K.L.:
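Quick one: the structure is below, questions incoming.
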Amino acid sequence: MSKPKVIVTRRWHADVEAILMEKFDTTLNEDDHPMSVAELQDALRNADAVLPTVCDKVDAEVLGADNIRARILGSNGVGFNHIDLDAAKAAGLTVTNTPEVLTDCTADLAMTLLLSAARRAGEGERHLRNGEWTGWRPTHMMGTSVTGKTLGLIGMGRIARAVAARAAHGFNMRIVYHDPFPPRDEDLAGLNATQCASPREVFESADFVSLHCPGGKDTYHLIGTDAFEAMKPTAFLINTARGDVVDEAALVAALEAGEIAGAGLDVFEREPTVSEGLVNRENVVLLPHLGSATLVTRKAMGMRVVENVEAFFNGETPRVKLV
Ligand code: DGY
């Protein structure tokens, strides 16, 4: 029997690409360019499986292509707001993602942003590299203490709980959270986390608000003018979830007005474009969507895609199936 034809939309971890080449009739994206709508449509017409990443917009337009041959979208990432699941279902496609394997990595990055924003790490590094540092002095670049403060989590899924564990055990932080689908009590063991009835309650009480909800229409601009008004003027916003959860223009306005103290952001509303009002500010730490960017994690994510696609073509149900 011939091997299923697979098209990979971007370069992946070399070990995973080698396994994909071995197991399937695989076409790689040799020069790693972002695929256009037409290229994604051609991929759907010419392959049995298309393997997109979280930066490929697989929307109703792409999925409206005629003569689709593909039967599975094996997405490389946990977030799936880049895929129109209804349109995928209507086109007869199964969709899989890669939860679990990037939990710790993303939680580590959320703490990196939280600490960097609070302790002015980005600003300090720029200051030193620019040759502006004139030496230690008691009033120089004072930041905000993290230990013992309150961390507010919007969403309390796996990544949020991994952040809560780091904050509670490493930094003696108090945890408050809101999630319309709260976790089971056993998943909260040892976190000493208090559930809030609304996001607003979290905004009002937290010194750091960290976002861990999915992107998409249900959470679009959840963090906007009202949220910033409710947050403490000394509080920081941390986002490792999805850019469109935050109204970026409202965030810039809130920073300008001093409604919040700063932000640490790994995701943006219009990636890879970042609002000038953020790029020009010293009190925000900006990273280029690095949440899952370690060798170990990127390999594990790729291997989960291989596992999902292999299960599908073996007639088994992939471990996690979105549609
Ligand atoms: C995901 O998997 O959704 C992440 O955003 C990729 O780092």
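Bear in mind that the values here come from a model prediction, so they are computed numbers and not experimental data. Just follow the structure's listing: the first ligand is 1, and inside any ligand the first atom is 1.
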K.L.:
Using a 4.0 Å heavy-atom cut-off, say whether Val54 meets ligand 1 through its side chain, its backbone, both or neither.
P.N.:
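The side chain, only.
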
K.L.:
Looking only at distance, does Asn76 have an N or O less than 3.5 Å from an N or O of ligand 1?
P.N.:
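Such a contact does not occur with ligand 1.
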
K.L.:
Just to confirm my output: which protein heavy-atom neighbour is closest to atom 7 (O) of ligand 1, and how far is it?
P.N.:
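Looking at atom 7 (O) of ligand 1, the protein heavy atom closest to it is Ser292 OG, 2.7 Å.
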
K.L.:
Hey, is ligand 1 close enough to Gly77 that some N/O pair sits below 3.5 Å?
P.N.:
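Checking ligand 1 against Gly77, no N or O pair falls under 3.5 Å apart.
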
K.L.:
Less than 4.0 Å between a side-chain N and a carboxylate O, is that true for Asp42 and Arg45?
P.N.:
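Yes, this pair counts.
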
K.L.:
Specify the protein heavy atom at minimum distance from atom 3 (O) of ligand 1: its residue, its atom name, and the distance to 0.1 Å.
P.N.:
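Its nearest protein heavy-atom neighbour is Arg242 NH2, 2.6 Å.
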
K.L.:
Check Lys5, Arg69, Arg71 against Asp48 for a salt bridge (charged side-chain N to carboxylate O under 4.0 Å, His left out) and give me the one that passes.
P.N.:
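The salt bridge (charged side-chain N to carboxylate O under 4.0 Å, His left out) with Asp48 is passed solely by Arg69 among Lys5, Arg69, Arg71.
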
K.L.:
For ligand 1, which atoms sit closer than 4.0 Å to a heavy atom of Val78?
P.N.:
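Checking each atom against Val78, I get 1 (C), 2 (O), 3 (O).
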
K.L.:
Just by distance, with hydrogens left out, do Arg174 and Thr150 show a side-chain donor and acceptor under 3.5 Å apart?
P.N.:
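Note: Arg174 and Thr150 side chains meet the donor-acceptor criterion.
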
K.L.:
So if I count the atoms of ligand 1 from 1 in the order they appear, which ones are less than 4.0 Å from some heavy atom of Gly79?
P.N.:
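Per the distance check, 1 (C), 2 (O), 3 (O).
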
K.L.:
Quick one: do Asp187 and Arg158 make a salt bridge, cutoff under 4.0 Å?
P.N.:
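The answer is no: the pair does not qualify as a salt bridge.
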
K.L.:
So is there a nitrogen or oxygen of Leu102 less than 3.5 Å from a nitrogen or oxygen in ligand 1?
P.N.:
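So ligand 1 has no N or O lying under 3.5 Å from an N or O of Leu102.
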
K.L.:
Check the orientation of His127 and His140. Use parallel for under 30°, tilted for 30 to 60°, and perpendicular for over 60°.
P.N.:
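Aromatic pair His127/His140 classed tilted.
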
K.L.:
So which protein heavy atom does atom 4 (C) of ligand 1 come closest to, and at what separation?
P.N.:
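The closest heavy atom on the protein side is His289 NE2, 3.8 Å.
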
K.L.:
Would His289 and Glu271 count as having a side-chain donor-acceptor pair, cut-off 3.5 Å?
P.N.:
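Yes, a side-chain donor-acceptor pair sits under 3.5 Å.
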
K.L.:
Answer with yes or no whether the side chains of Asn29 and Thr9 bring together a donor and an acceptor at under 3.5 Å.
P.N.:
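Looking only at side-chain atoms, Asn29 and Thr9 do not form any donor-acceptor pair under 3.5 Å.
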
